[in-house]
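Before any comments, here is the structure.
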Amino acid sequence: MTDPVLDCRGVIRRFNEGASMLEVLHGIDLKVQAAERVAIIGASGSGKTTLLQIMGGLDEPDEGEVFVAGKPMHGTDESTKGDLRNRNIGFIYQFHHLLAEFTAEENVAMPLMIRREPKAAAIEQARELLGQVGLGERLHHKPGELSGGERQRAAVARALITRPRLVLADEPTGNLDAGNGGHVLQLMLELNQELKTSLVIVTHDHSIASQMDRILVLEEGTLKTKEL
Ligand SMILES: Nc1ncnc2c1ncn2[C@@H]1O[C@H](COP(=O)(O)OP(=O)(O)OP(=O)(O)O)[C@@H](O)[C@H]1O
Ligand SMILES: [Mg+2]
């Protein structure tokens, strides 16, 4: 078997809470294979965002290891992490995190420009993808001039533009109505089919979770498989 796209081994994360210590993740083991789709569910405050950020190298585990495409994400410097992330991961955050001063097409083109692809080619690809998410008429709008659903679709386009091997999505449809939420999920599933992209989706939405290959519950700092 080939390397898993994502391999978390014994991941522990603790936060200082004044004098006491809060251990949010008690030792998470998770392997995600190419094209596999995994839902993570769990109560508010159970550590889902924390885990996703560690997977994506936006936070460091206190103990344990995280490998993305076979390469260590933990314990490396910011530029190595940034490079590994840019080459392999698309991140869809709980809140859209688009850059306010840039247009939709510039926001979506950004991951390609970070890779030093020429701006004209990056913008061209961004326009095409924005068309696919139904924003072909909103290319020059800034995030403040887009609706909530439009912003989230732009954020999805930004996450997918590099055709990543792994998409990490934190409540990608949490702030959307059923129609827009379904549309965003559809886009992610199409990419999963087309490019064999692996998906790890944190969601409270049972209808989304049930469309994944596996549902994991984060509870008391550990991941348990939920029987389908
Ligand atoms: N930087 C931090 N410093 C201290 N405590 C933190 C920090 N980040 C998260 N926590 C704590 O860790 C716990 C898990 O937070 P996290 O954001 O991962 O939860 P979540 O499962 O994503 O919740 P939600 O469903 O509400 O988004 C919470 O109790 C939170 O207060
Ligand atoms: Mg969260």
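Just follow the structure's listing: the first ligand is 1, and inside any ligand the first atom is 1. Only a predicted model underlies this, so the values are computations on that prediction, with no experimental measurement involved.
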Practice prompt. Look at atom NZ of Lys71 and say whether more than 12 heavy atoms of other residues, nucleotides or ligands are closer to it than 6.0 Å.
Written response: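 No - once you tally the heavy atoms of other residues, nucleotides and ligands closer than 6.0 Å, there are 12 at most.
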
Discussion item. As a test of the contact definition, would atom 31 (O) of ligand 1 count as having a protein heavy-atom neighbour under 4.0 Å?
Written reply: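 No, there is no protein heavy atom closer to it than 4.0 Å.
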
Practice prompt. Establish whether atom 14 (C) of ligand 1 and some protein heavy atom are separated by less than 4.0 angstrom.
Written response: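 True for atom 14 (C) of ligand 1.
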
Worksheet item: With hydrophobic residues grouped by side-chain heavy-atom distances under 4.5 Å, do Tyr93 and Ile201 end up in a single group?
Response: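 No, separate clusters.
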
Discussion item. Donor-acceptor pair, distance only, cut-off 3.5 Å: does the side chain of Asp29 make one with the backbone of Gly10?
Written reply: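 Between the backbone of Gly10 and the side chain of Asp29 there is a qualifying donor-acceptor contact (under 3.5 Å).
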
Worksheet item: Hey, would you say the Phe67 and His74 ring centroids sit under 6.0 Å apart?
Response: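 Yes, close enough.
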
Item to complete: Using a strict 4.0 Å cut-off to heavy atoms of Val24, name the atoms of ligand 1 that fall inside it.
Response: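 Ligand 1 atoms under the 4.0 Å threshold to Val24: 12 (O), 13 (C), 14 (C).
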
Discussion item. Out of all atoms in ligand 1, which are within 4.0 Å of some heavy atom of Ala43? Include the element for each.
Written reply: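 Selected atoms, number and element: 21 (O).
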
Fill in: Basic-acidic side-chain contact under 4.0 Å: Asp62, Arg14
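No, no charged N to carboxylate O under 4.0 Å.
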
Item to complete: Among all protein heavy atoms, pick the one closest to atom 3 (N) of ligand 1 and tell me residue, atom and distance.
Response: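 For atom 3 (N) of ligand 1, the nearest protein heavy atom comes out as Phe15 CD2, 3.4 Å.
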
Worksheet item: What do we get for His204 next to ligand 1 when only non-hydrogen atoms under 4.0 Å count, side chain, backbone, both or neither?
Response: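 Answer for His204: side chain.
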
Discussion item. Looking at ligand 1, is there an atom of it that comes within less than 4.0 Å of some heavy atom belonging to Gly42?
Written reply: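 Heavy atoms of Gly42 never come under 4.0 Å of ligand 1.
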
Discussion item. Any N/O/S atom, side chain or main chain, of Thr50 closer to the Mg ion (ligand 2) than 2.8 Å?
Written reply: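 So Thr50 does not bind the Mg ion (ligand 2) by this criterion.
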
